[in-house]
Amino acid sequence: MKNIFKTSSILFFIIISLFACNDTNEKKEVQPENKNVVEQTGDNQSNSNEIKGAKIEDANFIVLETEFGNMKIKLYDETPKHKKNFLKLASEGFFNDLLFHRVIKDFMIQGGDPDSKNATQGTMLGNGGPGYQIEAEFNDSLFHKKGVIAAAREGDRINPEKKSSGSQFYIVQGKKYTDEELNYMEEQSSAQSYILNHEDIFMQLQELQNKRDNSAIDKLFDDVINKKDFVLIKIPDFKRTAYKEIGGTPFLDNNYTVFGEVIEGLDVIDKIANAQTDKNDRPTKDIKMKIKLVKE
């Protein structure tokens, strides 16, 4: 069944590093280079907040505007730190004119890097942020179905607490899964949890990944699954149903904080995800955003 995801190594790499803000081997947080990353223009200050004279706590929705249409997004009360931070940045105009700098069809669209504002084509993006992280707010009822917004972060190796980027986020497109695929994913994610808790096996995996020896990596995963103390972590039925009927990216659950969902404009995600991209998954034609706060 390994043809479902090509190899175990691909799935493992996606989970620990895809949203790692271009994680490097250096054990440090990504910090802005002595500059004010929240560069507000007069237009940003006057147009970013649709709630005249109200506090950000009064907002219960945001509207993310793009050339492909608008997405109305509800932020979850169950993730108060992420909600408050996102509303604060949006009210300051932080996100206005930033790019969706990373787009992967059938997976996700990613933005929120302040370095993407006015970035020339070919510039490597994904390291920018406001200079702080947010504590993870995992909630088993909030998962990676299509349309959810979640926080990007640095990889597990330098960020074992899975703290979120202060500004980078992604919106899930994903795909619909079969029961067979979800069963396979249960095994793989359970094996990954096992490996992360056994340093000797994790070091073996890193060495094999460096060698790009996918056959040996698959065997390593199979050996882990067959160990006597291996425990299979099941996908709950309510998630399984959503991933079959709505779609999403189940292999990211409990690894990145989900803090809201698109309630209008799901088709906009598909339009952006279909954009032509370069070798770094950046759209070849810039896709800018503006975010406004809305109270209803």
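Contact of the Ile134 side chain with the Lys163 side chain is not registered, since no non-hydrogen atoms from C-beta on lie closer than 4.5 Å. The side-chain heavy atoms of Leu89 and Asn85, taken from C-beta on, include a pair separated by under 4.5 Å. In this structure the side chain of Ser189 never reaches within 4.5 angstrom of the side chain of Phe251, judged on heavy atoms. In this structure the side chain of Ile73 never reaches within 4.5 angstrom of the side chain of Val63, judged on heavy atoms. For the pair Lys83 and Asp77, the minimum side-chain heavy-atom distance is below 4.5 Å. Using a 4.5 Å heavy-atom threshold, the side chains of Ile217 and Lys219 count as separate. Annotation: side chain of Leu99 is not in contact with side chain of Met289 (no heavy-atom distance under 4.5 Å). Within the 4.5 Å cutoff, side-chain heavy atoms of Glu65 are placed close to those of Lys292.
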_Evaluate Lys227 against Asp223 for salt bridge (charged side-chain N to carboxylate O under 4.0 Å, His left out), listing each step before the verdict._
CA-CA 6 Å; Lys227 287 183 177 293; Asp223 290 344; over 6 Å; no
_Determine whether Tyr76 and Glu261 satisfy the following criterion, side-chain hydrogen bond (donor to acceptor under 3.5 Å, both in side chains), listing intermediate values before the conclusion._
CA-CA 8 Å; Tyr76 296 141; Glu261 66 178 286; 2.8 Å; yes
*Checking salt bridge (charged side-chain N to carboxylate O under 4.0 Å, His left out) for the pair Lys105/Asp270: CA distance, chi angles, key distance, verdict?*
CA-CA 8 Å; Lys105 183 176 170 57; Asp270 298 330; over 6 Å; no
*Could you walk me through whether Phe230 and Ser190 pass the side-chain contact (heavy atoms from CB on, under 4.5 Å) test, one step at a time?*
CA-CA 8 Å; Phe230 173 77; Ser190 301; 3.5 Å; yes
*Begin with the C-alpha distance, continue with both residues' side-chain angles, and end with the deciding distance and a verdict on salt bridge (charged side-chain N to carboxylate O under 4.0 Å, His left out) for Lys288 and Glu67.*
CA-CA 8 Å; Lys288 295 184 178 182; Glu67 64 182 280; over 6 Å; no
*Would Glu181 and Lys244 count as a salt bridge (charged side-chain N to carboxylate O under 4.0 Å, His left out) if you check the C-alpha gap in whole Å, the side-chain angles of each, and the deciding distance to 0.1 Å?*
CA-CA 10 Å; Glu181 289 173 319; Lys244 290 192 295 182; over 6 Å; no
*Worked verdict on Gln133 versus Glu154 for side-chain hydrogen bond (donor to acceptor under 3.5 Å, both in side chains)*: CA-CA 10 Å; Gln133 295 176 309; Glu154 294 178 315; 3.2 Å; yes
_Set out, in order, the CA-CA distance, both residues' side-chain angles and the distance that settles ring-ring contact (aromatic ring centres under 6.0 Å, His included) for Tyr170 and Phe107, then state yes or no._
CA-CA 10 Å; Tyr170 59 96; Phe107 192 24; 7.6 Å; no
*List the steps and the verdict of ring-ring contact (aromatic ring centres under 6.0 Å, His included) for Phe86 and Phe95.*
CA-CA 10 Å; Phe86 202 86; Phe95 297 107; 4.6 Å; yes
*asked:* Please determine whether side-chain contact (heavy atoms from CB on, under 4.5 Å) holds for the pair Asn254 and Asp140, giving the CA-CA distance in whole Å, both sets of side-chain angles, and the decisive distance to 0.1 Å.
replied: CA-CA 7 Å; Asn254 298 316; Asp140 199 49; 4.0 Å; yes
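The CD1 atom of Ile233 sits 12.0 Å away from the CD atom of Glu187 when rounded to the nearest 0.5 Å. For the atom pair CE of Met108 and OH of Tyr256, the computed distance is 10.0 Å after rounding to the nearest 0.5 Å. The distance from the CG atom of Asp281 to the CZ atom of Phe100 is 15.0 Å, given to the nearest 0.5 Å. In this structure, OG in Ser164 is found 8.0 Å from CD in Glu137, a value given to the nearest 0.5 Å. From Asp213, atom CG reaches atom CG of Leu208 across 5.5 Å, with rounding to the nearest 0.5 Å. Between atom CG of residue Leu64 and atom NZ of residue Lys290 there is a gap of 11.5 Å, rounded to the nearest 0.5 Å.
The minimum heavy-atom distance linking Pro250 with Met185 is given by the pair CG-SD, 3.2 Å. Closest heavy-atom contact between Ile287 and Ala275: CD1-CB, 3.9 Å. What you find for Ala191 and Ile225 is that their closest heavy atoms are CB-CG1, 4.1 Å. Asp156 approaches Asn255 most closely through the heavy-atom pair OD2-OD1, 4.4 Å. Closest non-hydrogen pair, Ala119 versus Leu125, comes out as CB-CD2, 4.0 Å. Considering every non-hydrogen atom in both Arg102 and Pro283, the closest pair reads N-CD, 4.5 Å.
Counting only distance, with no hydrogens or angles, the side chain of Gln110 and the backbone of Ile171 share no donor-acceptor pair below 3.5 Å. Using a distance-only test at 3.5 Å, with no hydrogens or angles considered, no donor-acceptor pair links the side chain of Thr241 to the main chain of Phe238. Remark: side-chain polar atoms of Gln173 are paired, donor with acceptor, to backbone N or O of Asp106 under 3.5 angstrom. Using a distance-only test at 3.5 Å, with no hydrogens or angles considered, a donor-acceptor pair links the side chain of Gln168 to the main chain of Gly126. Not one N or O on the side chain of Thr249 forms a donor-acceptor pair closer than 3.5 Å with the backbone of Leu252. Under the 3.5 Å distance criterion, the side-chain polar atoms of Glu186 are matched with a main-chain donor or acceptor of Ile235. Remark: the backbone N or O of Ile291 is paired with a side-chain donor or acceptor of Asn96 at under 3.5 angstrom. Judged by distance alone, with hydrogens and angles left aside, the side-chain atoms of Ser165 form a donor-acceptor pair with the main-chain N or O of Ser167 at under 3.5 Å.
In terms of hydrophobic clustering, with Ile, Leu, Val, Met, Phe, Trp and Tyr side chains grouped at heavy-atom distances under 4.5 Å, Ile246 and Ile149 are assigned to different clusters. A single hydrophobic cluster is seen to contain both Val294 and Ile263, as judged by linkage of ILVMFWY side chains at heavy-atom distances under 4.5 Å, directly or through other members. Side-chain heavy atoms closer than 4.5 Å link hydrophobic residues (I, L, V, M, F, W, Y) into clusters, and following such links, possibly through other members, connects Tyr132 to Phe169.
Of the residues listed (Asp253, Val258, Val148, Thr257), the one engaging Leu142 in a side-chain contact (heavy atoms from CB on, under 4.5 Å) is Val258, and it is the only one. Just one residue in the list Asp278, Thr284, Asp286, Asn280 forms a side-chain hydrogen bond (donor to acceptor under 3.5 Å, both in side chains) with Arg282, and that residue is Asp286.
Judged by a 6.0 Å distance limit and a 45° cone about the ring axis, Lys175 is positioned over the six-membered ring of Tyr177. Figure legend: cation-pi geometry between Lys74 and Phe61, with NZ or CZ positioned under 6.0 Å from the six-membered ring centre and within 45° of its axis.
Annotation for Asn226: atom CG counts as buried by contact number, over 12 foreign heavy atoms lying within 6.0 Å. Annotation for Gln121: atom CD counts as buried by contact number, over 12 foreign heavy atoms lying within 6.0 Å.
Ion pairing of Glu245 with Lys176 is absent here, as no side-chain N (NZ or NE/NH1/NH2) approaches a carboxylate O to less than 4.0 Å.
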Please tabulate, for the side chains in residues 195-207, all donor-acceptor contacts under 3.5 angstrom to protein atoms that are two or more places apart in sequence or on a different chain.
{"unit_1": "Asn197", "atom_1": "ND2", "unit_2": "Ser193", "atom_2": "O", "d": "2.9"}
{"unit_1": "His198", "atom_1": "ND1", "unit_2": "Tyr194", "atom_2": "O", "d": "2.7"}
{"unit_1": "Glu207", "atom_1": "OE2", "unit_2": "Lys211", "atom_2": "NZ", "d": "3.4"}

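Side chains of Asp113 and His101: a donor-acceptor N/O pair is absent below 3.5 angstrom, by distance only.
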